[in-house]
Amino acid sequence: AQTVTQSQPEMSVQEAETVTLSCTYDTSESNYYLFWYKQPPSRQMILVIRQEAYKQQNATENRFSVNFQKAAKSFSLKISDSQLGDTAMYFCACLNAGNNRKLIWGLGTSLAVNP
Amino acid sequence: DAGVIQSPRHEVTEMGQEVTLRCKPISGHNSLFWYRQTMMRGLELLIYFNNNVPIDDSGMPEDRFSAKMPNASFSTLKIQPSEPRDSAVYFCASSFARTSYNEQFFGPGTRLTVL
C-alpha cells in the first residue's frame, strides 16, 4: 500500500531562519508526483511546491525548495528566510501517475515561526 | 476564477439530523474530491469523481454517507443520520485530470459540528 510519513508532528523556527520538514513515502509505482501543501489557520489548503519523480532536479519556488532523494524515497521541504506568514500545517502528499488519481497524504507537520 | 466554492462554511446540527454539504468545482475541472479532516485521523479521502462518475468511494465511512455529482458544476455530500463522531472539517477539491500530475484545488471547507 502507498504511504506517506511525516515524522515531525510539530516544529518551530525563528523568523528569518531556515527550517526543513521531512517526508518519506512508499510506492511501488515508477512514475509519480509529490506535493507539499500548506494549511494556515484560515484552514485553506494551498499548494506550495510539486515534484515529478522522473525529474532529478529539485523543485524550487521562491523561498521554498525540496530535497528529493528518489532512492531513499525522501522528499523534504526547506523553507528559507522564514516569515511569520509561514506558520501553518504542512502536508506532504504523493500521487501515482496511473489511472488512480488519489493523493495519499501524510499526517502533517505543524510549523510555528516565532518573531 | 472564484475557486472551489463550498457551502455552508459552518454547520451545527443535532444528532440524527440530515446534513447536506455542497460544492461547486472550478469551471473546466473534471475531477472532484471530498475529504474529511480531523485531528485524530488527519485528511481522509472519502470519494472522488471523474467526469461526474464516482471512481473510488472506498473512503466513505458507512452507509450513512452518500455523495452525488449530478453535473460538472455541482456535488453534494450527505450524511443521514448524522452522529457526533461525524464532526470534522469537510473539504471539496477539484482538478483537471490528465496524464501528468493534476494539482488539486481546495475549497475553504465546511466545519460540521454534530451535537
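All values derive from a computational prediction rather than experimental measurement. Every chain is numbered from 1 and lettered A, B, ... according to where its sequence line falls, protein lines coming before strand lines. Worth knowing before you read on, the calculation uses all heavy atoms, side chains too, and leaves out hydrogens, waters and symmetry mates.
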Can [Y] be reached from [X] by stepping across I, L, V, M, F, W or Y side chains whose heavy atoms are under 4.5 Å apart?
| X | Y | answer |
| --- | --- | --- |
| B:Tyr35 | A:Ile104 | no |
| B:Leu45 | B:Ile47 | no |
| A:Val4 | A:Phe68 | yes |
| A:Trp105 | A:Phe75 | no |

### Query
Just wondering, are more than 12 heavy atoms of other shown residues or ligands nearer than 6.0 Å to CD in A:Glu15?
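Above 12, so yes.
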#### Entry: Within 6.0 angstrom of A:Lys70 NZ, more than 12 heavy atoms from elsewhere
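It does: A:Lys70 NZ has more than 12 such atoms within range.
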### Task
Name the member of B:Phe91, B:Phe106, B:Phe105 that forms the most heavy-atom pairs with chain A at distances under 4.5 Å.
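The candidate making the most pairs under 4.5 Å is B:Phe106.
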### Query
Hey, are the side chains of B:Gln104 and A:Met45 touching, using non-hydrogen atoms and a 4.5 Å cut-off?
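With C-beta onward as the side chain, the pair stays apart.
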### Message
For the CG atom of B:Leu43 and the CG atom of A:Leu103, what is their distance to the nearest 0.5 Å?
### Response
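Reported to 0.5 Å precision, the distance equals 9.0 Å.
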### Message
Show the nearest heavy-atom pair for residues B:Glu103 and A:Leu47, with the distance to one decimal.
### Response
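Nearest pair, atom of B:Glu103 first, then A:Leu47: CD-CD2, 3.1 Å.
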### Task
Heavy-atom distances under 4.5 Å only: say whether A:Phe91 touches chain B with side chain, backbone, both or neither.
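The answer is the side chain of A:Phe91.
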### Part of B:Arg111 within contact of chain A (heavy atom distance under 4.5 Å)
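For B:Arg111, backbone and side chain are both near chain A.
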### Query
What part of B:Ser58 is in contact with chain A, defined as an atom under 4.5 angstrom from a non-hydrogen atom: side chain, backbone, both or neither?
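Looking at B:Ser58, just its side chain touches chain A.
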